[in-house]
Peer 1: 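To start, I am sharing the structure in question, which I have written as structure tokens.
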Amino acid sequence: MNKHISLSFGTDAPLIEVITTTRAMRRLEPEPVPRALLEELVRSATYGPSAGNNLTYQADHFDRTPALIIACYESRGPILRMCHTFGRQLIALRTLGTRHTLTMLRNLRRSMMVGEAASIYPGVQNLLLTARALGLAASMTTWHTMFEREVEAALGIPRHVKIYAIIPVGRPAGNFGPVTRRPLADAIHWQHW
């Protein structure tokens, strides 16, 4: 039996309440979301901590339900910065020595991929929390990775821009409420696994 729970909404809603009542809301009402609210979601996302501020967002289908917000990473910025600092990087590599430089270069691709994702997902979390505070349903999806090139082509996203998440947004068909999670003792490991 569900009890009616009084929740706070709006930009001044208590943060911990918003966090503990934000769930992946996948059922949406067939009502478009006003453009101003979508802009507010993206504005909040841009405040997520990131390395290099290379995040871009594309709002698509904003006149339909669901509106789609595409969380992307534009790779040209970091590459250009690396080119401008190439001399300093060479000095650092010489300091590391051959063995450590080769180890670093072997892991460079993975490091860049993890770094890109680490820059994107805090912004996505800001977006989801803001959606909840504004009473909007949203959920982060990564289903696009199964056919990424086709999604990029359909949305007109250039090849140098990588999609990390697609967030459908709309009016909720369900209710917000306390989210059930496993006990903290089952989720945290102190000093060893």
Side-chain angles (χ1 to χ4, degrees), residues 2-75 77-78 113-145 148 151-152 154-157 161-182 184 187:
N2 288 340
K3 294 179 181 176
H4 178 71
I5 299 170
S6 176
L7 298 175
S8 302
F9 291 95
T11 55
D12 60 346
L15 179 62
I16 299 301
E17 178 185 322
V18 171
I19 289 171
T20 58
T21 58
T22 297
R23 62 179 74 234
M25 301 284 281
R26 295 177 183 92
R27 293 181 299 126
L28 307 174
E29 295 290 345
E31 176 186 340
V33 176
R35 185 180 187 128
L37 289 179
L38 295 173
E39 289 174 353
E40 184 66 23
L41 296 180
V42 173
R43 187 184 70 76
S44 293
T46 64
Y47 283 98
S50 69
N53 198 23
N54 293 302
L55 315 179
T56 55
Y57 297 86
Q58 177 170 324
D60 220 309
H61 301 291
F62 56 86
D63 56 342
R64 294 178 248 161
T65 298
L68 299 177
I69 296 177
I70 320 307
C72 304
Y73 189 88
E74 191 162 350
S75 57
M113 288 173 55
V114 169
E116 290 173 3
S119 289
I120 288 286
Y121 294 132
V124 171
Q125 181 66 11
N126 279 5
L127 187 152
L128 294 171
L129 293 173
T130 302
R132 159 47 192 93
L134 297 176
L136 295 171
S139 61
M140 184 184 95
T141 66
T142 57
W143 54 263
H144 70 279
T145 57
E148 199 159 0
V151 171
E152 289 171 348
L155 297 174
I157 294 176
V161 175
K162 295 178 188 166
I163 301 172
Y164 276 86
I166 296 179
I167 304 103
V169 179
R171 299 284 181 194
N175 295 317
F176 295 102
V179 179
T180 304
R181 295 291 183 252
R182 63 187 173 158
L184 182 60

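Nothing fancy with the numbering, it's 1 onward along the sequence.
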Peer 1: Under a 4.5 Å cut-off applied to non-hydrogen side-chain atoms, are Leu38 and Ile69 in contact?
Peer 2: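 They are in contact (side-chain heavy atoms under 4.5 Å apart), so the answer is yes.
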Peer 1: Take Leu15 and Glu17 through the side chain to side chain contact (heavy atoms under 4.5 Å, CB included) test and state the conclusion after the steps.
Peer 2: CA-CA 5 Å; Leu15 179 62; Glu17 178 185 322; over 6 Å; no
Peer 1: Side chains of residues 132-143: which donor-acceptor partners sit under 3.5 Å, not counting sequence neighbours?
Peer 2:
| from | atom 1 | to | atom 2 | distance (Å) |
| --- | --- | --- | --- | --- |
| Arg132 | NE | Thr21 | OG1 | 2.8 |
| Arg132 | NH1 | Ser8 | O | 3.0 |
| Arg132 | NH2 | Ser8 | O | 3.2 |
| Arg132 | NH2 | Thr21 | OG1 | 3.0 |
| Thr141 | OG1 | Trp143 | NE1 | 2.9 |
| Thr141 | OG1 | Ile166 | O | 2.5 |

Peer 1: So Pro66 and Val169, do their side chains get closer than 4.5 Å, heavy atoms only?
Peer 2: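 No. Closest side-chain heavy atoms not under 4.5 Å.
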Peer 1: With rounding to the nearest 0.5 angstrom, report the CZ to CG distance, Arg23 to Leu128.
Peer 2: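 The distance works out to 13.5 Å.
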Peer 1: At their closest point, which heavy atom of Pro172 faces which heavy atom of Glu29, and how far apart are they?
Peer 2: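 Heavy atoms only, the tightest pair is O-CG, 3.4 Å.
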Peer 1: Rounded at 0.5 Å granularity, tell me how far CD1 in Ile70 sits from CD1 in Ile163.
Peer 2: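 Interatomic distance, Ile70 CD1 to Ile163 CD1, rounded to 0.5 Å: 6.5 Å.
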Peer 1: Roughly how far apart are Glu152 CD and Lys162 NZ, rounded to 0.5 Å?
Peer 2: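 Result: 10.0 Å between the selected atoms.
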Peer 1: For Phe9 and Leu7, work out which heavy atoms get closest and say how close.
Peer 2: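 Looking at all heavy atoms of both residues, the shortest contact is CD1-O, 3.6 Å.
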Peer 1: Could you give the distance from OG (Ser44) to CG (Leu129), rounded to the nearest 0.5 Å?
Peer 2: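 So the gap between those two atoms works out to 9.0 Å.
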Peer 1: Are there more than 12 heavy atoms of other residues, nucleotides or ligands under 6.0 Å from atom OH of Tyr47?
Peer 2: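 No, because the 6.0 Å sphere around OH of Tyr47 holds 12 heavy atoms or fewer from other groups.
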Peer 1: According to the salt bridge (charged side-chain N to carboxylate O under 4.0 Å, His left out) rule, which pairs have a member within residues 36-49, sequence neighbours left out?
Peer 2: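 Found Arg35-Glu39, Glu40-Arg43.
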Peer 1: Using a 4.5 Å cut-off on heavy atoms from C-beta on, say whether the side chain of Tyr164 contacts that of Cys72.
Peer 2: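 Cys72 vs Tyr164: side chains apart.
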Peer 1: State the CG-CG distance between Asn126 and Leu41, to the nearest 0.5 angstrom.
Peer 2: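 Reported value, rounded in 0.5 Å steps: 11.0 Å.
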Peer 1: Looking at CD1 of Ile167 and CG of Leu127, how far apart are the two atoms once the value is rounded to the nearest 0.5 Å?
Peer 2: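 Spacing of CD1 (Ile167) from CG (Leu127) equals 5.5 Å.
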